[in-house]
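From a predicted model like this one, the values you see are computed outputs, not experimental measurements. Letters A, B, ... mirror the listed sequences (proteins, then strands); counts begin at 1.
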There are 2 protein chains.
Amino acid sequence: MTHNTKDYGNLMRERGFRVTPQRQLILDVICASGNHTTPEAIYKRVQAKFPSVNLATIYRNLDFLCELRLVVATQIGRKMYYEIAGESPHHHLVCRNCNKIEQIDHTNMKTLFNKVEREQDFTVDMDHITLFGLCAKCRQKTRRV
Amino acid sequence: MTHNTKDYGNLMRERGFRVTPQRQLILDVICASGNHTTPEAIYKRVQAKFPSVNLATIYRNLDFLCELRLVVATQIGRKMYYEIAGESPHHHLVCRNCNKIEQIDHTNMKTLFNKVEREQDFTVDMDHITLFGLCAKCRQKTRRV
DNA sequence: ATTCTTATTGCAAAAACTTGCAATAAGAAA
DNA sequence: TTTCTTATTGCAAGTTTTTGCAATAAGAAT
Ligand SMILES: [Mn+2]
Ligand SMILES: [Mn+2]
Ligand SMILES: [Zn+2]
Ligand SMILES: [Zn+2]
């Protein structure tokens with residue numbers, strides 16, 4: 001239950017939720033998978049260790065873990081992807097043409113968030129945003145068509 | 001077929017696609033609905049005028065119109081919302097607590113996009129982003145708990 | 001240890017969305 | 001106008017995600 005540096009068990013209990021074997025397994029699997037895993041993939045890996053876990057439980061807990069901010073979600077194309085929420089937020093750039101995924105540092109985002117907070121008195125609070133556009137290579141290709 | 005200021009018919013034909021009654025109806029309905037409408041609502045309103053249109057056609061065309069950038073989509077909670085892509089891009093702030101929706105001007109976003117383009121050589125190209133966080137009122141409430 | 005409360009689960013059914021395919025109809029060409 | 005090509009549609013089946021509900025089991029209280 002203690003992955004990376006976080007004690008997930010306590011983070012849940014502190015907030016009044018229960019720590020079930022299903023939740024532990026799902027977290028373990030997402031952790032082990034590294035980056036951007038689909039519900040279906042998570043389900044299969046969970047089942048390999050504990051076949052009786054139901055797919056509905058996977059979906060419910062992915063929602064749950066996202067609400068607790070222990071896991072972050074992204075939609076790319078028509079699929080959802082989940083990954084462990086790291087120590088510090090990170091964001092993505094996805095190329096509409098070649099689907100390459102780059103990262104953006106949080107500091108650039110933070111600058112925007114601060115501006116919005118000053119100007120509109122709204123505290124933006126997102127630790128995993130995906131921005132779409134064109135990577136350097138595809139921009140050149142696309143120009144000359 | 002000419003809504004607001006855009007001639008949707010030509011925008012489609014120019015790019016090699018066909019202008020079908022279904023597409024016209026769907027655009028009409030989204031236009032008339034004003035802001036942030038769900039596929040189901042669009043389907044019902046289309047059906048009221050033309051009952052034989054199939055739900056699959058609605059979904060396929062919502063995708064299609066988004067790809068052509070005539071329509072923009074957002075996911076809020078677990079629902080998708082569609083609206084006409086206006087003259088100039090606009091973005092939203094959604095409060096996680098009270099679900100109030102505010103707007104952000106594109107200029108603030110553009111500043112971020114420009115920075116990303118300079119620093120990472122990636123052209124961000126989004127005209128409808130939704131950022132989540134806490135509005136002024138909910139921030140105060142939530143503090144004192 | 002045992003009892004109690006109720007959050008969480010599995011299951012089955014429902015709802016939401018996607019896809020393959022043959023029939024249809026836009027729109028270009030003749 | 002008529003013919004021709006093929007993008008688009010409706011339909012039915014498939015896949016993915018959500019939901020209601022009774023049974024289960026975390027974890028607090030005794
Ligand atoms: Mn990520
Ligand atoms: Mn909008
Ligand atoms: Zn690219
Ligand atoms: Zn609020």
Side-chain angles (χ1 to χ4, degrees), chain A residues 1 7-30 36-68 70-71 73-82, chain B residues 1 7-30 36-68 70-71 73-82:
Chain A
M1 255 306 75
D7 181 347
Y8 291 124
N10 275 336
L11 281 170
M12 294 189 222
R13 260 185 236 103
E14 277 168 9
R15 304 213 222 169
F17 301 107
R18 294 181 186 176
V19 180
T20 64
Q22 288 88 337
R23 283 182 178 161
Q24 301 183 51
L25 240 103
I26 292 170
L27 270 170
D28 284 347
V29 163
I30 298 177
H36 298 189
T37 317
T38 63
E40 196 55 34
I42 293 165
Y43 177 54
K44 277 179 189 151
R45 287 172 206 171
V46 166
Q47 273 215 321
K49 295 192 185 182
F50 205 126
S52 67
V53 176
N54 195 274
L55 184 54
T57 303
I58 304 288
Y59 281 109
R60 279 194 279 234
N61 277 313
L62 288 174
D63 277 2
F64 168 79
L65 295 168
C66 284
E67 264 166 41
L68 290 202
L70 304 180
V71 164
T74 332
Q75 190 169 38
I76 297 180
R78 63 191 20 152
K79 285 206 165 79
M80 287 299 298
Y81 295 91
Y82 295 85
Chain B
M1 258 301 82
D7 181 345
Y8 290 123
N10 275 336
L11 282 170
M12 295 188 220
R13 261 185 235 102
E14 277 169 9
R15 304 212 222 169
F17 301 107
R18 295 180 185 176
V19 180
T20 64
Q22 289 88 337
R23 283 181 178 164
Q24 302 183 52
L25 240 104
I26 291 169
L27 269 171
D28 283 348
V29 163
I30 298 177
H36 299 188
T37 317
T38 62
E40 196 54 34
I42 293 166
Y43 178 52
K44 277 181 190 150
R45 286 172 206 173
V46 167
Q47 274 216 322
K49 296 192 183 181
F50 204 127
S52 67
V53 176
N54 194 274
L55 184 55
T57 303
I58 304 287
Y59 283 112
R60 279 193 281 234
N61 277 312
L62 288 175
D63 278 1
F64 169 80
L65 294 169
C66 285
E67 263 166 41
L68 289 202
L70 305 180
V71 164
T74 332
Q75 189 169 39
I76 297 179
R78 61 190 23 150
K79 287 207 164 79
M80 288 298 298
Y81 295 90
Y82 295 86

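Residues Phe17(B) and Arg23(B) share a closest heavy-atom pair of CB-NH1, 4.0 Å. Of all the heavy atoms in Met80(A) and Pro39(A), the pair that sits closest is O-CD, 3.6 Å.
Atom CD in Gln47(A) sits roughly 14 Å away from atom C1' in dC11(C) (whole-Å rounding). Between the CD atom of Glu14(A) and the P atom of dA7(C) there is a distance of 18 Å, given to the nearest Å. Atom C1' of nucleotide dA7(D) and atom CD of Gln24(B) are separated by 15 Å, given to the nearest angstrom. Computed from coordinates, the Phe64(A) CZ to dA7(C) P distance equals 12 Å when rounded to whole Å. Nucleotide dG10(D) holds its C1' atom 16 Å from the CG atom of Leu25(B), rounded to whole Å. Rounded to a whole Å, the CZ atom of Arg23(A) is 6 Å from the C1' atom of dT8(C). Whole-Å rounding puts the Leu65(A) CG to dA7(C) C1' distance at 15 Å. Taking atom CD of Gln22(A) as the reference point, atom P of dC11(C) lies 11 Å away to the nearest angstrom.
Among residues two or more places apart in sequence or in another chain, the side chain to side chain donor-acceptor pair (under 3.5 Å) test is passed with Gln47(B) by Tyr43(B). For Thr20(B), there are no side chain to side chain donor-acceptor pair (under 3.5 Å) partners, not counting sequence neighbours.
Where Gly16(B) and Thr57(B) meet DNA chain D, the nucleotide closest to each residue was compared, and Gly16(B) sits on the side nearer the 5' end.
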Fill in: Annotated protein contacts, base or backbone, on nucleotides 16-21 of chain C with a non-hydrogen cut-off under 4.0 Å, one of B, S, - each
SSBBB-
Practice prompt. Any chance you could lay out the side-chain contact (heavy atoms from CB on, under 4.5 Å) test for Leu27(B) and Val71(B), step after step, and finish with the verdict?
Written response: CA-CA 8 Å; Leu27(B) 269 171; Val71(B) 164; 4.2 Å; yes
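Contact of the Leu65(A) side chain with the Met12(A) side chain is registered, since non-hydrogen atoms from C-beta on lie closer than 4.5 Å.
Defining each end axis of the helix from dA1(C)-dT30(D) to dA30(C)-dT1(D) as the rotation carrying four pairs' C1' atoms onto the next four, with five pairs an end, the two axes are found to diverge by 30° to 10 degrees.
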Quick test: give all pairs of protein nitrogen or oxygen and nucleotides 1-4 of chain C nitrogen or oxygen below 3.5 Å, distance rounded to 0.1 Å.
none

Which atoms of nucleotides 25-29 of chain D (N or O only) lie under 3.5 Å from a protein N or O atom, and what are those distances?
{"unit_1": "dA26(D)", "atom_1": "N3", "unit_2": "Arg18(A)", "atom_2": "NH1", "d": "3.0"}
{"unit_1": "dG27(D)", "atom_1": "OP1", "unit_2": "Arg13(A)", "atom_2": "NE", "d": "3.1"}
{"unit_1": "dG27(D)", "atom_1": "OP1", "unit_2": "Val19(A)", "atom_2": "N", "d": "2.8"}

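Rounding to the nearest 0.5 Å places CZ of Arg45(A) at 11.0 Å from CD of Glu40(A).
A distance-only check finds a donor-acceptor pair linking the side chain of Arg15(B) to the backbone of Leu68(B) [under 3.5 Å].
Checking Ile26(B), Ile42(B), Ile58(B), Thr37(B) one by one against Tyr82(B), the side chain to side chain contact (heavy atoms under 4.5 Å, CB included) holds for a single residue, Ile42(B).
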